[in-house]
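Working notes for the structure below.
Here is the naming used below: chain letters follow the sequence lines, and residue numbers restart at 1 for every chain.
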Amino acid sequence: MPLLLHNSLTRRKERFEPIDPAHVRMYVCGPTVYDYAHIGNARPVAVFDVLYRLLKRLYPKVTYVRNITDVDDKIMAAAKESGEEIDSITVRTARAYHEDMAALGALPPDIEPRATQHIPQMIGMIGTLIAGGHAYVAEGHVLFAVATKSDYGKLSGRSRDELIAGARVEVAPYKKDPADFVLWKPSAPDQPGWDSPWGRGRPGWHLECSAMSAEYLGESFDIHGGGHDLIFPHHENEIAQSECAHGGKRFVGTWVHNGFLVVNGEKMSKSLGNFFTVRDLLARAPGEAIRLLLLKTHYRAPLDFSDEGLRQAKGELDRFYTALRASADIEPEGGETPTGVMDALEDDLNTPLAIAYLHEMAGDLNSATDAAMKRRSKANLLYGARLLGLFATTPGEWFRWQPAGAATVGETEIESRIAARVAARKAKDFKEADRIRDELKAMGVMLEDGPKGTIWKRVG
RNA sequence: GGCCGGGUAGCAAAGUGGUAAUGCUCGGGACUGCAAAUCCCGCAUACGCCGGUUCGAUUCCGGCCCCGGCCUCCA
């Protein structure tokens, strides 16, 4: 079946038709690096990682660009508050971001451009916009003239008049039109800035994505993604800048936006202070459990984050890894993504349905009676998970995971106690055997007696 | 107010014009010294409300209610 994606521009699920089937190009808005990523920031990373994997399966070449915003007023504010140098903050935070996203099993993008390294491209684009009559200089600022883009508002579904009517902020006096937005703004001597034809200054937020996507993906490309909240004004303004700078050429074919992650029904955000960083969560659950949690809900639906949800996601992976561990000696047969999983993902990234198939396959594997069936169902489970980026670890590693700061007991110690228990059981001293089992359980180690002997796992 | 997403069993979460996947929870059984894991069976009379179209709607259309988001930095 063809790949279907919900396009925010048409508000419909439509067949994905790449501009060049030989080379699919995707841009996703990345982080502003001034603080650790929270779980809400991680949702688009997980979602677009699945899309990236799927596209790579479907097309010979895919270029995935995700930017890093390293010049921004929030970064400047963070530097002022802590006294840490801006460069130090952005480098350190970007590194932490990479670590956290890797822990979630996300593949790195092909290109990860930084705003500060593309100032000339941005200045060039502003020049083009001014020359084309789409931008003007006012009091050291360069502003985009919204009135020059007749279809401005097509993505967010709002007219220029509505924007002005709904505006809740004071309009800067130098704007010709209240809806105009900043392309370039002047920097004070103590603020980061670059020389430009309009004086020393820095770019407006929307501009970097237009300049960098053009640099690496061309004036028109296939998919642009990000969180739902970016539709307005960020993506709307990107369209305006890019299309006006490129002679009206269509900027992006398919806009994909993920829904919000909420906590207790409320939006999670840094400004509300009700957020969990990925870092904190990784101390409480394996990264893959966080990833599964993010993919268990369809990407466009709201996702209510909770400890119970995280616990359940961990439990589901326990089930999968239990099945894999029990079939460790089975050689998987066949290497195809199962049709159910493939169809689900091609239908607008239906990850919850794909995961449901995974559960059925785990059941098939557990209940398989003959070797051929086992080989086949193990292959289905393994290859089904691959596009979702799951089962990145081995059952052995998975069952060794424990939360940070947990009471711990060494593996040799565990083995020797198990040996003592085996001896006790052999001697029919079940009281002693149960005592050892309870003792280990108190230390977070669960025992399972099976035909092949006793195995153990750590539990969170 | 405008725009967008959502409202499915105890929880989570898919989906469909002909009485609805999957996982967890729960009950029974098998296995086990007992457990755990696994398997088998079962469970609940689950589709926000009101109309309309239809032989038939949870699914299509209209209206309404509720939750959340955007309209200001934000994934």
>> Applying the Watson-Crick and G-U wobble criteria at under 3.5 Å, what pairs with B/rC43? Answer none if nothing qualifies.
In response: none
> Within the structure shown, what part of the strands sits under 4.0 Å from A/R43 by heavy-atom distance: base, sugar-phosphate, or nothing?
Replying inline: nothing
> Could a donor-acceptor pair under 3.5 angstrom be found where the side chain of A/Q312 meets the base of B/rG23?
Replying inline: yes
> What is the nucleic acid contact for A/H298, judged by heavy atoms within less than 4.0 Å: base, sugar-phosphate only, or nothing?
Replying inline: sugar-phosphate
>> Could you tell me if the side chain of A/I223 sits less than 4.5 Å from the side chain of A/Y27, heavy atoms only?
In response: no
>> For the residue pair A/R425 and A/F430, would you count it as a cation-pi contact if the rule is NZ or CZ under 6.0 angstrom from the ring centre and within 45 degrees of the ring axis?
In response: no
> Could you state the CD1-C1' distance from A/I290 to B/rA75, rounded to the nearest angstrom?
Replying inline: 16 Å
>> Looking at A/T297, I'd like to know whether one of its side-chain N or O atoms comes within less than 4.0 Å of OP1 or OP2 on B/rA13.
In response: yes
>> Ignoring hydrogens and geometry beyond distance, is the side chain of A/D304 in donor-acceptor contact with the base of B/rG68 at under 3.5 Å?
In response: no
>> I need the single residue from A/E238, A/H234, A/Q241 that forms a side-chain hydrogen bond (donor to acceptor under 3.5 Å, both in side chains) with A/H206. Which is it?
In response: A/H234
>> Between A/E439 and A/R435, does any NZ, NE, NH1 or NH2 come within less than 4.0 Å of an OD or OE carboxylate oxygen?
In response: yes
>> Between A/N366 and B/rU38, is there a contact of a side-chain N or O with OP1 or OP2 at under 4.0 Å?
In response: no
